[in-house]
Amino acid sequence: MSSTLTITLPDGSQKSVPQGTTPHDIARSIGQRLADDAVVAKVNGALWDLARPLEQDSQLEILTSKSEEALEVYRHSTAHLLAAAVLELYPETKLGIGPPIKDGFYYDFDRPTPFTTEDLEKIEKRMVEIRDRDLAYERRLVPKEEGLAKYKELGEPMKCELIEERADAIFSEYTLGPHFIDFCRGPHVPSTKRLKAFKLMSIAGAYWKGDEKRQQLQRIYGTAWFSQKDLDEHLRKLEEAKKRDHRVLGKQLGLFTVDDKVGPGLVLWKPKGAVIRQELQTFISAHLRRQGYSQVFTPHIGKLDLYRTSGHFPYYADSQFPPLVDREQIARLADEGCSCATLSNRLENGEIDGFLLKPMNCPHHIKIYDSEPHSYRDLPIRLSEFGTVYRFEQSGELGGMTRVRGFTQDDAHIFCTEDQVPTEVAGCLELVKIIFGTLGMKDYRVRVGLRDPDSAKYVGEPEQWDRAEKACKDAAQSLGVPFSLEPGEAAFYGPKIDFVVQDVIGREWQLGTVQVDYQLPQRFDLHYTGADNKMHRPVMIHRAPFGSMERFVGVLIEHFAGAFPVWLAPVQAIVLPISDRHLEYARMVEEKLKAVGLRAELDARSEKVNYKIREAQLQKIPYMLVVGDREAAEGKVAVRTRKGGDQGARAVDEVVAGIAELAATRSAAE
RNA sequence: GCCGGCGUAGCUCAGCAGGUAGAGCAUCUGAUUUGUAAUCAGAGGGUCGCAGGUUCGAUUCCUGUCGCCGGCUCCA
């Protein structure tokens, strides 16, 4: 090894520096400004501490606060600061892990007593104190055995577990001041004084290693930014997001409600929410007719045996409402002294029959297909239904309209030949594209869910899976949008293509889905007569472009922040007479709106027009039509839009026709 | 399901070292007849989520329960 190193900078220039030179030295040689702004370095593509000496000829990049990667390092360093503060205040605490995440970081702690909100304030204060001590993040190398012994002595069992699992023979650790050490790959910012703006946000339970069988730790979430300004901006955004939360807007706009007495996770659609849902259903129904779907209706329950055949029961018994067993059987079992456990066993074994609230629509549709023989000439057969299904989601998961226990899928099942699969899947994807396009939803990602090779929960032969997965991948490819392949995300009967969007707090929700299924046709022994006059097995495609109406509308409320385009708005126009003497004219305007099928209201209260406007505005009604003496005299209305304000007076008929046009064309404009 | 927080009028929220509750908005009544984001006055409205316990006395403290919120786990 030579005693000088050749360092290549991003602009291609090269520097010869002696052994032992650090990225920070080089930054300083380029300029003090860069040295001050530097957060971390990148050496041959890998993140590297600024103070860590370069070891060989390298490509070197100095990352400043303009870099996303630097921000991650910065947040990770803030997590260490949090851990150091917690250990100072509560020395009995054991450390878990503390990674950076979107907008911030967390650190997991094991401590017998739970952290409180007041603790959070104390901890944050201590973090500031430690920050002001200007402690360096110092990297040290430790041989594995020695390190293990040390962390054992420190009483850090989780760290020991991590070292055993992931540490190299010599691993790195970082210290902060004389007492704090953390097994960590790094890198970090040079010193705590660099951490300008952070805030602890919340405490939550989290299982060690995400395994619900392991102990539950206390996770402290925080957010961290390069400047106070960025932090303030982030907090402001959180406030904004709260305002467009569909649970808040759903209440304010009177769209839906959930009632304790009815049950958690059971959405009650109020008239205004129902309008939105109905409009969406009408919208998609037109496309279904065009694409050759047939409408069917099926009941909400089916016999347990149906779901034994489909494989839903008892596989997913935990996420279903308990089976419905008839009175006579219950009485008989009670006489026998049958325990709950025995009952559920006997239900599983099929010794007792009962009904299940349907967790999916497919078995019912399959039975419709199977109710008559089919020729290859009939295929594809596309059966659609807005079918309501019931799933017993864990109580901690429920919320708003996005995770519920009863929901209506815009479901359909396509029965086709294997050759027809690509065309049919493409047709399904086209539908999803039309929906997302019409609604202006651009921020979605496409996930191709493949089976997890380690899991035994899937039914079917590997060759079938391979073919189905290929069909999905090909279809996603031809869709022309970026997609990710995600093992472990398949349904138990087949791979799927999902459309995933984020809600206002950044949680991801699956909306539309297309799933290829070779299993159910087999389980139900479905067939059709081929051109060769032999029996063949059809392939099934499950698809729901909206996914569930509840979840979709929930996400849609947030997407539009409650300000629905004209065609979806529960009230499309409201007539606001200025005084009582304009009421008659106002009624005439209202009638004209209603005559062309618009949803119109009249605010006939003896309130000032300002007041009426304010209310209509808060209800996010797209059109406010103000009528007073001038308008009544000239056959006009003064148009005010919720977004553009006062638009001036125009002839009534012209305005009515204009709004009707926007509604009819499902336009995003207003 | 697990961890933590919360639950006061229709809504948003205040209050209580334990002495049976208060504001704004909404509602109702009356007045006002109004020109682009809140007219004025008066009135009604709460067994302080529910059930136990401690106490002379509980909305306040304790326990349980239901529900909501944030995470975790799960999501056919």
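Quick note on labels: first sequence line is chain A, next is B, and so on, each numbered from 1.
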So which nucleotide from [options] ends up closest to the side chain of [X]?
| X | options | value |
| --- | --- | --- |
| A:Ile578 | B:G67, B:A38, B:G35 | B:G35 |
| A:Arg640 | B:A37, B:A76, B:C2 | B:A37 |
| A:Ser606 | B:A76, B:A37, B:U34 | B:U34 |
| A:Gln216 | B:C75, B:C72, B:C3 | B:C3 |
| A:Lys251 | B:G71, B:U36, B:U12 | B:U12 |
| A:Ala638 | B:C74, B:G35, B:G71 | B:G35 |
| A:Arg605 | B:C72, B:G1, B:U27 | B:U27 |
| A:Val609 | B:U36, B:A76, B:A37 | B:U36 |
| A:Asp646 | B:U34, B:A76, B:U36 | B:U36 |
| A:Ser395 | B:G4, B:G1, B:G71 | B:G1 |

Using a distance-only criterion (donor-acceptor N/O pair, under 3.5 Å, no hydrogens), is the base of [N] paired with the side chain of [X]?
| X | N | value |
| --- | --- | --- |
| A:Arg581 | B:U33 | no |
| A:Arg391 | B:C75 | no |
| A:Asp580 | B:U33 | yes |
| A:Tyr207 | B:G71 | no |
| A:Arg405 | B:C75 | no |
| A:Glu393 | B:G1 | no |

A:Glu161 with A:Arg214: basic N within carboxylate O range, under 4.0 Å: yes
In terms of side-chain geometry, is the basic nitrogen of A:Lys243 or A:Glu240 positioned less than 4.0 Å from the acidic oxygen of its partner?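 Yes, charged N to carboxylate O under 4.0 Å.
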B:C72 to B:A14 separation - C1' atoms, rounded to the nearest Å: 34 Å
Is it the case that over 12 heavy atoms from other parts of the model lie below 6.0 angstrom from the CD atom of A:Glu584? no
Whether over 12 other heavy atoms sit under 6.0 Å from A:Lys303 NZ: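 No.
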So, do A:Tyr611 and B:A38 meet the stacking rule of ring centres under 5.5 Å and planes under 30°?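 Here the ring of A:Tyr611 and the base of B:A38 are not stacked, as the 5.5 Å and 30° limits are not both satisfied.
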Do [X] and [Y] make the cut of ring centroids closer than 6.0 angstrom?
| X | Y | value |
| --- | --- | --- |
| A:Phe313 | A:Tyr307 | no |
| A:Tyr369 | A:His413 | no |
| A:Tyr518 | A:Tyr493 | no |

Contact class for A:Arg247 (heavy atom, under 4.0 Å): base, sugar-phosphate, or nothing?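 Sugar-phosphate only.
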Show me the dot-bracket string of RNA chain B, counting Watson-Crick or G-U pairs under 3.5 Å, with | for pairs to another strand and [ ] for crossing ones. (((((((..((((.....[..)))).(((((.......))))).....(((((..]....))))))))))))....
Over 60° means perpendicular and under 30° means parallel, so classify the ring planes of A:Phe392 and A:Phe321, tilted if in between. perpendicular
